[in-house]
Peer 1: 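Please find one structure pasted underneath; my questions will follow.
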2 protein chains.
Amino acid sequence: MVTSRDVARLAGVSQSTVSYVMSGRRSISPETRRRVEEAIETLGFQPNAGARALASQRSQVIGLVVPFAPGADMTGVLPFIETITKCAREEDHNVILATEDEGAEGLTRLSDQSLCDAIVLMEVGSKDPRIPVAAGLSVPVILIGVPDDPAGLYCVDLDYTLAGRMAVDELASSAHDRVVLLGYPRDVMARDVNFVRRFLRGAEESAAAHGIAYVEVSPPDTSRAGAEAALDEALTEQGPGGGRLGLVVPDPQLIQPTLQSLLDRGLVPGRDLSVIGLCTDRTAETSTPPVTNLSLEPRDVSRRAMRILFRLLNHESVPTASTVELVTPRLTLRQTSLPAR
Amino acid sequence: MVTSRDVARLAGVSQSTVSYVMSGRRSISPETRRRVEEAIETLGFQPNAGARALASQRSQVIGLVVPFAPGADMTGVLPFIETITKCAREEDHNVILATEDEGAEGLTRLSDQSLCDAIVLMEVGSKDPRIPVAAGLSVPVILIGVPDDPAGLYCVDLDYTLAGRMAVDELASSAHDRVVLLGYPRDVMARDVNFVRRFLRGAEESAAAHGIAYVEVSPPDTSRAGAEAALDEALTEQGPGGGRLGLVVPDPQLIQPTLQSLLDRGLVPGRDLSVIGLCTDRTAETSTPPVTNLSLEPRDVSRRAMRILFRLLNHESVPTASTVELVTPRLTLRQTSLPAR
DNA sequence: CATTGCTGTCGATACGCATCGACACCCCCG
DNA sequence: CGGGGGTGTCGATGCGTATCGACAGCAATG
């Protein structure tokens, strides 16, 4: 192993000088700097992470807690991980992974063992039991998702209320007469996840504002049969015909089954009715047919979270007065939207 | 911050005794052990990771290099990450993430900075430029995927050759007359990925062995249009009718488009022909209709890799003489298989 | 009783780096 | 020509843990 002492010896300077060359925390003469950098290059010196962390009280590591819990919707988790990792690297930090199923102890472990300088907590639930613990840690914590009580922690999330509103707004403005919201399956509803409530509220509000007919049906699960059942309920209740129907499907897993069920009934999305999904663009592009969607913007959300995080780490002031930052979803029209009339 | 010295003071022992209680590397009297453990509990002591790493030359961290490169197939990466992380935690290790786009430097960084004790390298290509670098690192490296020259490194992967053989074996044994292999898109073929070649070879071999008609067509890309084009080529060439046709689709991204294209032509998978996909079970279950598939077994592959890894770290002998460990795929019949005749 | 061999504990040290205080040197100004 | 204020470098120290050698106490042995 090459140490900074080896570099110092080769460059003919002291070890501390090497350290100052690398950190830039003291001025160094151009000549010395050159010699040291040359020595670093020659020896291929890389500072020992443990020693650095021990001496500086900074691990240069970000803890990322991901939802691997069984049953959690893992669709679209990857873009978050990807973006967060890349943002971290841009700031010369590394990412250490923890899984949701470790619960609150996972958080204290990361923090108390000085494994990381900050924590990003993904997929935060309404009354997430980790929140009070997170609030008491010695490292800053950024939440992706908005709990009922953020306990002063910084939160970033998609603006689900706005997403719900945008979905119905779009349908209303393209002359649809009625909206059916194909809700989340019962088990998701039972978990009382925050963003579900927010989305539904936004959709309802918009429907009310536009004076447009609005019903909400909950499928038993996200299977093909679940979609069938929900559609049965939705369509028989109102009759299949008459007017322009808009279907809003906020659960990504339900989109493909729903589209398929519609086709089986001879109802072609984009010809006989509109379908708007809430899912990643990738999911929307690859569904058959490609579905008009509101993007979950995982990259934007992640980037915003990381910006806050590094501002906190660098003791810069965090500009927003608010503790909750919401990202605006993006609507992309694809093949499942009825043409304007 | 609570240190082992604090624990020692409270327990009335020396710091080194605390360390020995925790590591179990020297015998400790029951009475002393009790007092120390009580003190640890009381203070909520967690050893400082950096200090521990510095002193013991062990970071208790596994480096995981994931394929986030643009264009890489990210489908199914998550189960690998999940399983690897969980295996690591079972052995009291953490996982640090690196992205493929850091290339070989990412590997030397992880190793030379002593950020981790071992590295898992995912999605290794045939002539992956990282292999020679990996072979020279001071930490063990486990590959997921098999390069042309493993350079003495341990590799774990699905047995793609067997998968190809199993696909055609299944079709042959269920009285199919001919097999069309809807290959990988041209850009994947161009990258000359190892597992693609292996799968195709297995399929060819089996077809030859069974004396069954076999053609292979390559779609331009994984879009719907790409699937259409490939199907056009495959079906016109042989005519749509006559005998029992089996379609093998090894690219997960191509499966849904292909199924859809078939349905559009009035060809119902499971009634008019058979379709076998190579994809995760999850993908197979959620396709419409659910496709008979050979599983990629990400959990098995990951677990095998981690077992080797920890054996290496614990200086246990690694049992296999061979450096390459292949996992047997699992065939699951679903709705796209023709009933036996 | 002297010796040997354990068992259980302690003190000291090393790990590699960051940082603080000291200080030698030089330049500029009085 | 003397003093003051930078500038650039160094030595020393500390971060918190693991581990080595030492050794006190005790039991078993000849």
Side-chain angles (χ1 to χ4, degrees), chain A residues 1-37 39-40 43-61 92 94 109 111-117 138 313, chain B residues 1-37 39-40 43-61 92 94 109 111-117 138 313:
Chain A
M1 160 176 273
V2 182
T3 72
S4 61
R5 188 163 257 106
D6 299 329
V7 174
R9 198 173 310 127
L10 180 58
V13 298
S14 76
Q15 178 267 324
S16 59
T17 299
V18 174
S19 180
Y20 284 122
V21 166
M22 300 200 68
S23 70
R25 295 180 148 280
R26 284 209 180 165
S27 56
I28 298 286
S29 71
E31 165 60 13
T32 303
R33 152 160 284 122
R34 198 191 53 70
R35 285 217 316 280
V36 170
E37 283 171 347
I40 289 176
L43 299 177
F45 168 66
Q46 307 251 105
N48 180 291
R52 188 211 279 267
L54 184 57
S56 67
Q57 313 278 39
R58 285 285 210 114
S59 60
Q60 305 274 103
V61 168
D92 203 43
N94 288 291
R109 190 171 58 82
S111 167
D112 292 356
Q113 294 188 356
S114 298
L115 276 164
C116 62
D117 300 331
S138 54
L313 284 184
Chain B
M1 158 177 273
V2 182
T3 73
S4 60
R5 191 163 256 109
D6 299 330
V7 174
R9 197 173 310 128
L10 181 58
V13 298
S14 74
Q15 178 267 324
S16 59
T17 299
V18 174
S19 179
Y20 284 123
V21 166
M22 299 200 69
S23 70
R25 296 180 144 280
R26 284 208 179 165
S27 58
I28 298 287
S29 72
E31 165 60 12
T32 302
R33 153 160 285 122
R34 198 192 52 71
R35 285 217 315 282
V36 170
E37 284 171 348
I40 288 175
L43 300 178
F45 168 67
Q46 307 251 103
N48 180 289
R52 189 211 279 268
L54 182 58
S56 67
Q57 315 277 36
R58 286 284 211 113
S59 60
Q60 305 273 105
V61 168
D92 204 43
N94 288 292
R109 190 171 58 84
S111 167
D112 292 356
Q113 295 189 356
S114 297
L115 276 164
C116 62
D117 300 332
S138 54
L313 285 184

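Just so it is clear: chains get the letters A, B, ... in the order the sequence lines come, proteins before strands, and each one is counted from 1. Just the heavy atoms: all of them, side chains too, but no hydrogens, waters or symmetry mates, feed the values below. Quick caveat: nothing in here was measured; it's all calculated off a predicted structure.
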Peer 1: Just to confirm, is there a sub-4.0 Å distance from OP1 or OP2 of D:dA18 to any side-chain nitrogen or oxygen of B:Arg52?
Peer 2: yes
Peer 1: Grab the CG-P distance between A:Asn48 and D:dT17 for me, whole Å please.
Peer 2: 16 Å
Peer 1: Go through C:dA12, D:dC20, C:dG8 for me and flag the one nearest to the B:Ser29 side chain.
Peer 2: C:dG8
Peer 1: Answer yes or no: is there a donor N or O on one side and an acceptor on the other, between the side chain of A:Asp117 and the main chain of A:Gln60, under 3.5 Å?
Peer 2: yes
Peer 1: Any side-chain N or O of B:Ser14 less than 4.0 Å from the OP1 or OP2 oxygen of C:dC10?
Peer 2: yes
Peer 1: Looking at the side chain of A:Thr32, which of D:dC15, D:dA18, D:dG8 is the nearest nucleotide?
Peer 2: D:dG8
Peer 1: Hey, is the side chain of B:Ser19 poking within less than 4.0 Å of OP1 or OP2 on D:dA18, counting only N and O atoms?
Peer 2: yes
Peer 1: Answer with base, sugar-phosphate or nothing: what part of the nucleic acid does B:Val18 contact at a heavy-atom distance below 4.0 Å?
Peer 2: nothing
Peer 1: Where is the tightest heavy-atom contact between B:Ser59 and B:Ala53, given as atom of each residue plus distance?
Peer 2: CA-CB, 3.9 Å
Peer 1: 5'-most contact on DNA chain C: B:Gln57 or B:Thr17, nearest heavy atom basis?
Peer 2: B:Thr17
Peer 1: A:Arg35 and A:Gly12: which non-hydrogen atoms are nearest, and at how many Å?
Peer 2: NH2-O, 3.9 Å
Peer 1: Which part of the nucleic acid, if any, lies within reach of A:Ser16 when heavy atoms closer than 4.0 Å are counted: base, sugar-phosphate only, or nothing?
Peer 2: base
Peer 1: Which heavy-atom pair separates A:Phe45 from A:Val2 by the least distance, and what is that distance?
Peer 2: CD1-O, 3.4 Å
Peer 1: Using a 4.0 Å heavy-atom cut-off across all strands, classify B:Ser56 as base, sugar-phosphate, or nothing.
Peer 2: sugar-phosphate
Peer 1: 5'-most contact on DNA chain C: A:Arg26 or A:Gln15, nearest heavy atom basis?
Peer 2: A:Gln15
Peer 1: C:dG8, C:dC15, D:dT17: which one has an atom nearest the side-chain heavy atoms of B:Arg5?
Peer 2: D:dT17
